[in-house]
Amino acid sequence: MDTIEVSNLNRQFLFRQFHVGQSKAKVARDAVLKFRPHINITPYHANVKDPEFNVDFFKQFNVVLNGLDNLDARRHVNRLCLAANVPLVESGTTGFLGQVTVHVKGRTECYECQPKPAPKTYPVCTITSTPSKFVHCIVWAKDLLFAKLFGDKNQDNDLNVRSSDAASSSKNVEDVFERRKDEDIDQYGRKIFDHVFGYNIELALSNEETWKNRNRPKPIYSKDILSDEPAQQNGNLEKKYESDELSVSAMASLGMKNPQDIWSLKENSRIFLEAFRLFFTKREKEIGNLSFDKDDQLAVEFVTAAANIRAASFGIPLQNLFEAKGIAGNIVHAVATTNAVIAGLIVIEAIKVLKNDIKNYRMTYCLEHPARNMLLMPVEPFEPNKSCYVCSETPLSLEINTNRSKLKDLVEKIVKAKLGMNLPLIMCASNLLYEAGDVEDDMIAIYEANLEKALAELPSPVTGGTMLTVEDMQQEFVCNINIKHREEFDEEKEPDGMVLSGWTQPVSAAENKDKSVGNGASTSDALITAVESEKDDEITIVSALKKRKLPDESDISNSAAEAKNQKQLEVIDDEDDLVMLDGDLNSVKKRRLS
């Protein structure tokens with residue numbers, strides 16, 4: 001359902017400047033038909049998770065070619081392809097790196113057979129109290145401060161969680177973020193500034209133990225940086241803002257143009273307060289529903305300024321807007337040549353699938369630097385993982401406190417977040433506990449009431465030893481979860497308050513990096529991962545490779561070692577293309593295959 005943006009133009013060969021704002025699917029079809037006018041292409045400007053794209057829809061195709069932009073959608077298509085028994089060709093690119101993988105039900109691994117590398121995460125205490133890197137400041141500014149001020153007010157927020165937080169009253173904290181009726185926007189902005197960069201830092205400093213072996217941060221108050229005079233705004237921009245809200249810019253308002261400049265503390269403070277003012281005066285209707293978007297100029301300016309002010313407080317080097325945007329949006333710039341190479345490999349594998357040439361299927365990884373004169377590393381697909389809960393239907397195990405945890409926690413944290421189900425149905429024996437989607441009115445109230453009950457208090461109690469059946473009707477996917485009661489959990493290591501086993505737990509990028517492969521190591525012992533990032537800002541996964549048989553190990557072992565020794569083999573791809581081919585190969589050959 002994506003539309004073409006200016007930033008898309010340099011990474012492909014189908015879209016032009018005048019296509020900006022139009023449907024990617026529809027423009028791609030029109031562009032291809034200009035040089036292949038006799039083929040049939042049906043574009044869908046829609047969400048692949050819409051009900052119309054069900055198992056029956058997928059069954060009409062001979063192969064599916066995936067280029068989606070997030071883990072959730074990839075898992076969804078994987079399950080539909082398994083249910084429809086249709087081969088899937090997966091792919092992803094970032095910079096000079098990329099890969100193409102083939103998944104055939106019962107013959108090869110499915111997309112979810114192997115653990116997926118997880119995005120780098122940071123302890124809450126590091127983000128809120130003891131940042132030591134600029135990325136910590138970005139996470140704080142984006143996920144805590146921006147979300148607190150402009151996002152959903154009902155969402156939990158760790159902005160005020162500090163080791164010494166007992167010294168402050170929760171009432172006082174709430175009052176600070178609420179705008180008083182008699183408070184103008186500039187006063188409100190300075191109050192927020194002084195609270196998060198001044199008062200909060202002073203409160204953190206009161207815990208002497210924290211700073212025994214760390215540099216002490218410096219509280220920053222607006223009066224010490226800025227005079228009481230309001231910043232001069234560029235009045236010529238007012239009319240433009242009225243017609244185009246997304247063009248609102250604090251930099252433009254203050255006459256600052258170069259995103260490569262590193263702003264001083266005073267300039268960051270002015271940008272912070274001006275961006276704050278513009279959100280509340282020009283985009284007030286959006287407040288309460290906003291989430292950070294790397295393509296939202298004002299949001300990037302606000303987060304950059306906030307991160308820099310916090311960095312200044314903690315003695316961390318400041319960054320320019322261009323660098324900050326890259327960190328906040330997990331941006332790796334695309335290379336059109338890589339996309340062309342990977343597209344060609346996709347087609348090669350699709351031809352093999354259409355010819356049923358299973359013995360020659362390959363999962364191919366594109367490397368940044370050649371090893372033994374090879375830039376492409378082909379690998380034979382591995383057989384299905386017998387412990388995969390998706391394609392091998394192996395039961396999962398969930399440790400949970402059945403007396404405290406609610407059904408709602410299970411649905412949100414496990415069934416949706418970890419198992420990737422969209423319209424789940426949960427059964428205990430023959431009793432239906434919950435169902436999402438098209439539900440009769442008299443049942444909605446019952447299910448909503450069940451969501452708020454502890455597992456052990458449900459009409460059909462869920463306790464240790466209970467086996468739950470969880471199903472997604474749209475994906476035609478079913479799995480069983482064996483419940484194990486557990487009283488206590490480590491809040492830092494097990495923040496969900498539950499532990500799922502048998503699920504392919506994500507492998508952190510740091511763990512992967514630590515498992516380096518020496519020059520003489522065999523690739524059969526290597527773990528080569530490829531990661532894909534969501535268009536918004538979340539890092540998700542393309543594929544993982546472990547202990548695969550190689551077509552010629554003597555030639556390729558050093559290639560794998562070379563790939564492993566790259567800074568990282570991450571495949572970040574913000575395109576979202578889904579291509580389905582019907583018809584047989586012979587008819588395609590008649591039109592010309594090259």
- [ ] Using a strict cut-off of less than 4.0 Å between a Lys/Arg side-chain nitrogen and an Asp/Glu carboxylate oxygen, indicate whether Asp357 and Lys359 qualify as a salt bridge.
- [x] yes

Open item on the list: With heavy-atom distances below 4.5 Å as the criterion, would you say the side chains of Leu433 and Ser460 are in contact?
Closed with: yes

Task: Residues Glu399 and Lys484 bridged, charged N to O under 4.0 Å - done: no

Open item on the list: Test your reading of the model: is there a side-chain donor-acceptor pair from Arg74 to the backbone of Leu68, 3.5 Å cut-off?
Closed with: yes

Task: Heavy-atom neighbours of Asp442 CG exceed 12 at 6.0 Å - done: yes

Task: Exam field: side chain Gln12 to backbone Leu9, donor-acceptor pair closer than 3.5 Å - done: yes

Open item on the list: If you compare all heavy atoms of Gln475 against all heavy atoms of Asn422, which two are closest, and at what distance to 0.1 Å?
Closed with: NE2-ND2, 3.2 Å

Open item on the list: Please check if the number of heavy atoms outside Glu52 that lie under 6.0 Å from its CD is greater than 12.
Closed with: yes

Open item on the list: Restricting to side chain to side chain contact (heavy atoms under 4.5 Å, CB included), what partner residues turn up for Tyr44, sequence neighbours left out?
Closed with: Thr42, Phe53, Phe57

Task: Atom CZ of Phe96 with >12 non-hydrogen neighbours under 6.0 angstrom - done: no

- [ ] Verify, without hydrogens or angle tests, whether Arg29 (side chain) and Ile41 (backbone) share a donor-acceptor contact under 3.5 angstrom.
- [x] yes

Task: Derivation of the salt bridge (Lys or Arg N to Asp or Glu O under 4.0 Å) call for Glu448 and Lys408 - done: CA-CA 9 Å; Glu448 287 183 349; Lys408 177 173 66 176; over 6 Å; no

Open item on the list: As an exercise, state the distance from CZ of Phe35 to CD1 of Ile39, rounded to the nearest 0.5 Å.
Closed with: 7.5 Å

Open item on the list: Which residues pass the side chain to side chain contact (heavy atoms under 4.5 Å, CB included) test with Pro459, not counting sequence neighbours?
Closed with: Asn450, Lys453

Open item on the list: Are the side chains of Leu396 and Cys479 in contact, using a 4.5 Å heavy-atom criterion?
Closed with: yes

Open item on the list: Taking side chain to side chain contact (heavy atoms under 4.5 Å, CB included) as the definition, give me every residue that meets it alongside Ser23, ordered by chain and number, with sequence neighbours left out.
Closed with: Ala25, Lys26, His45

Open item on the list: I'd like to know if the side chain of Asn482 and the backbone of Ser397 have a donor-acceptor N/O pair within less than 3.5 Å.
Closed with: no

- [ ] Run the salt-bridge test on Arg362 and Glu349 with the 4.0 Å N-O cut-off and return the result as yes or no.
- [x] no

Open item on the list: Can you give me the closest heavy-atom contact between Val102 and Tyr361, atom names plus distance?
Closed with: CG1-CD1, 3.9 Å

Task: Sidechain N-carboxylate O distance under 4.0 Å for Asp496, Lys418 - done: yes

Open item on the list: Test of understanding: with side chain to side chain contact (heavy atoms under 4.5 Å, CB included), list the residues that count as partners of Pro424, not counting sequence neighbours.
Closed with: Val415, Lys416, Met421, Tyr434, Ala436

Open item on the list: To check you understand the geometry: which heavy-atom pair defines the closest contact between Leu14 and Ala31, and what is its length?
Closed with: O-CB, 3.8 Å

Task: Any donor-acceptor N/O pair, His485 side chain to Thr402 backbone, under 3.5 Å - done: yes

Open item on the list: Please find the pair of heavy atoms, one from Arg11 and one from Asn339, that lie closest to each other, and give the distance.
Closed with: O-ND2, 2.8 Å

- [ ] First locate atom CD1 of Ile414, then atom CG of Leu500, and finally report the distance between them rounded to the nearest 0.5 Å.
- [x] 5.0 Å

- [ ] Examine distances only and state if a side-chain atom of Thr466 and a backbone atom of Thr463 form a donor-acceptor pair shorter than 3.5 Å.
- [x] yes

Task: OG1 on Thr394 to CG on Asn480, rounded to 0.5 Å - done: 10.5 Å

TODO: Please check if the side chain of Thr93 supplies one atom and the backbone of Thr338 the other of a donor-acceptor pair under 3.5 Å.
DONE: no

- [ ] Determine, for Lys406 against Glu412, whether the closest basic-nitrogen to carboxylate-oxygen distance falls under 4.0 angstrom.
- [x] no

Open item on the list: If you define the side chain from C-beta out and look only at heavy atoms, does anything of Thr364 sit under 4.5 Å from Gln99?
Closed with: no

TODO: Just do the side-chain contact (heavy atoms from CB on, under 4.5 Å) check on Arg75 and Leu71 with the steps written out, would you?
DONE: CA-CA 6 Å; Arg75 292 159 82 179; Leu71 175 61; 3.5 Å; yes

- [ ] Could you please spell out the steps behind the side-chain contact (heavy atoms from CB on, under 4.5 Å) verdict for Asp72 and Lys49?
- [x] CA-CA 10 Å; Asp72 194 36; Lys49 292 165 71 176; 2.2 Å; yes

Task: Intermediate values then yes/no, side-chain contact (heavy atoms from CB on, under 4.5 Å), Ile444 and Glu440 - done: CA-CA 7 Å; Ile444 291 176; Glu440 295 178 6; over 6 Å; no

TODO: Quick one: pull up CE in Met363 and OG1 in Thr101 and give me the separation to the nearest 0.5 Å.
DONE: 4.5 Å

Open item on the list: Give me the atom names and distance for the closest heavy-atom approach of Asn78 to Tyr111.
Closed with: OD1-N, 3.1 Å

Task: Over 12 non-hydrogen atoms of neighbours within 6.0 angstrom of CE in Met473 - done: no

Task: Non-hydrogen side-chain atoms of Arg107 and Ile358 separated by less than 4.5 Å - done: yes

Task: Sequence-distant partners of Glu457, side chain to side chain donor-acceptor pair (under 3.5 Å), two or more places apart - done: none

Task: Gap separating the CD1 atom of Ile481 from the CG atom of Leu419, nearest 0.5 angstrom - done: 5.5 Å

Task: Under the side chain to side chain donor-acceptor pair (under 3.5 Å) test, residues paired with Ser387 that sit two or more places apart - done: Asn385

- [ ] Give the minimum heavy-atom separation between Leu375 and Pro370, together with the two atoms involved.
- [x] CD2-N, 3.5 Å

Open item on the list: Assess whether a salt bridge exists between Arg79 and Glu476, defined as any Lys/Arg side-chain N lying under 4.0 Å from an Asp/Glu carboxylate O.
Closed with: no

TODO: Please round to the nearest 0.5 Å and tell me the distance separating atom CG of Asp472 and atom CZ of Phe477.
DONE: 8.5 Å

Task: CG/Asn373: more than 12 non-hydrogen atoms of other groups inside 6.0 Å - done: no

Open item on the list: Evaluate Val77 against Leu88 for side-chain contact (heavy atoms from CB on, under 4.5 Å), listing each step before the verdict.
Closed with: CA-CA 9 Å; Val77 171; Leu88 170 65; 4.2 Å; yes

